[in-house]
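Working notes for the structure below.
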2 protein chains.
Amino acid sequence: MTDPTGRVFDALADPNRRYVVQALAQRETATATELAAELPVTRQAVAKHLAALNDAGLVESRREGRETRYELTPGPLAAAMDWIAGVGAEWDSRLARLRRHLSGGSPRRAGGARRRG
Amino acid sequence: MTDPTGRVFDALADPNRRYVVQALAQRETATATELAAELPVTRQAVAKHLAALNDAGLVESRREGRETRYELTPGPLAAAMDWIAGVGAEWDSRLARLRRHLSGGSPRRAGGARRRG
DNA sequence: ATTATACGCAACCCAGAGGTTGCGGATTGG
DNA sequence: CCAATCCGCAACCTCTGGGTTGCGTATAAT
């Protein structure tokens, strides 16, 4: 999993990690111990998750005295969204090509990737 | 990984799986054998990946004669994007609150989650 | 009918993820 | 100084994920 996009998606695949991301999106910073208090796992487990998030570039750590505070760096989230959007665009243009090919009627632009219908 | 969102992110975490998704976004359908020809893994490996994608709701299979054709169903991608967008929104509103709190100046809306700077 | 193609199922292998416990080392507080 | 926190490192365990090989079976082609 050396590619950046893969690391981001992998980071978001775990529920505990998603909880951490959401938590850090709301409060400004948090420590592993604080987060562990709200999760069904130990502090070390949370520390590992934070390491994974840091590896994906989603989080930055800063030591303050005896505690290590983590902060969200949501940049890579945009990259992940871009990837999904790219797939949606290819899907849409393929649909447009198909539609245009089937009937010469006015081929209006389709929106983004739509929900399951 | 019983939660739907987790399954989608987990599906997108693997490079081969992402390749399959992109491939299916362009061509209309494909078989496991066809995809395996473009990937450094065996047909069975691709079949497992397709099963995972199907489990995440990203793909549907249809048997046609002796071959099984797979088609992309991009609905769940929107759900994944929504999750990311939700985090971005919370992040933005927190920033807005902070900015409004620090200085009474006109608090213009921030954009979406921005790229790494 | 026989051969070739495409699939599914099952067993198996191995590395890594997620988790725990057990320390030892800083830092803060009395 | 001594006790209480907070952290990081390391060992360990278990289970799943990605991958392979092997085989049986159904459909298609000759």
Side-chain angles (χ1 to χ4, degrees), chain A residues 1-24 27-71 76, chain B residues 1-24 27-71 76:
Chain A
M1 196 82 53
T2 48
D3 69 302
T5 312
R7 279 201 296 271
V8 175
F9 282 130
D10 192 63
L12 299 182
D14 186 272
N16 289 334
R17 237 131 50 191
R18 282 205 306 283
Y19 180 90
V20 168
V21 168
Q22 275 183 318
L24 287 179
R27 18 180 164 315
E28 20 265 284
T29 76
T31 69
T33 326
E34 289 169 8
L35 292 166
E38 318 167 19
L39 284 170
V41 293
T42 60
R43 171 184 63 91
Q44 281 84 345
V46 176
K48 283 192 185 179
H49 285 309
L50 284 168
L53 290 172
N54 178 54
D55 199 56
L58 286 168
V59 114
E60 273 179 10
S61 66
R62 208 176 47 233
R63 186 115 204 202
E64 279 179 11
R66 73 174 155 183
E67 63 185 13
T68 304
R69 307 215 62 91
Y70 287 84
E71 182 186 2
Chain B
M1 197 81 56
T2 48
D3 69 298
T5 311
R7 278 199 297 270
V8 176
F9 282 130
D10 192 64
L12 299 182
D14 185 272
N16 289 333
R17 237 133 47 193
R18 281 204 308 283
Y19 180 90
V20 168
V21 168
Q22 275 184 318
L24 288 179
R27 12 181 165 330
E28 19 266 284
T29 75
T31 69
T33 324
E34 288 170 10
L35 293 166
E38 318 167 20
L39 285 170
V41 294
T42 60
R43 171 184 63 90
Q44 281 83 346
V46 177
K48 283 191 185 178
H49 285 309
L50 284 167
L53 290 172
N54 178 54
D55 201 55
L58 285 170
V59 114
E60 273 180 9
S61 67
R62 207 177 46 234
R63 186 112 203 205
E64 280 180 10
R66 72 174 157 183
E67 62 184 14
T68 305
R69 307 214 62 89
Y70 288 83
E71 182 187 2

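The chains referred to below are lettered A, B, ... by the order of the sequence lines, with proteins before strands, and numbering in each begins at 1.
- The interatomic distance linking Glu67(B) (CD) with dA29(D) (C1') rounds to 14 Å, in whole Å.
- Looking at Arg62(B) and Glu64(B), a side-chain N of the basic residue comes within less than 4.0 Å of a carboxylate O on the acidic one, giving a salt bridge.
- Counting distance only, with no hydrogens placed and no angle test, the side-chain atoms of Arg43(A) and the base atoms of dG8(D) include a donor-acceptor pair under 3.5 Å.
- Between Asp14(A) atom CG and dA17(C) atom C1' there is a gap of 9 Å when expressed in whole angstrom units.
- For dA6(C), neither phosphate oxygen OP1 nor OP2 lies less than 4.0 angstrom from any side-chain nitrogen or oxygen of Thr68(B).
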Query raised in the report: Passes side chain to side chain contact (heavy atoms under 4.5 Å, CB included), Leu12(B) versus Leu12(A)? Steps please.
Result: CA-CA 10 Å; Leu12(B) 299 182; Leu12(A) 299 182; over 6 Å; no
Query raised in the report: Between Val46(A) and Val41(A), does a side chain to side chain contact (heavy atoms under 4.5 Å, CB included) hold up when you go through it step by step?
Result: CA-CA 7 Å; Val46(A) 176; Val41(A) 293; 3.8 Å; yes
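- Between Leu12(A) atom CG and dG18(C) atom P there is a gap of 12 Å when expressed in whole angstrom units.
- Across the protein-nucleic acid pair, Leu39(A) atom CG and dT20(C) atom P stand 11 Å apart, rounded to whole Å.
- Within 3.5 Å, no donor on the side chain of Lys48(B) pairs with an acceptor on the base of dG17(D), nor the reverse.
- One can place NE2 of His49(B) at 12 Å from P of dG17(D), the figure rounded to the nearest angstrom.
- A straight line from CZ of Arg66(B) to C1' of dG8(C) spans 15 Å, rounded to a whole angstrom.
- Between Arg18(B) atom CZ and dG17(D) atom C1' the separation is 16 Å, expressed in whole Å.
- The base of dG18(D) is not paired with the side chain of Gln44(B) by any donor and acceptor separated by under 3.5 Å.
- For the pair Arg69(B)/Glu34(B), a side-chain contact is recorded, criterion being any heavy-atom separation below 4.5 Å from C-beta on.
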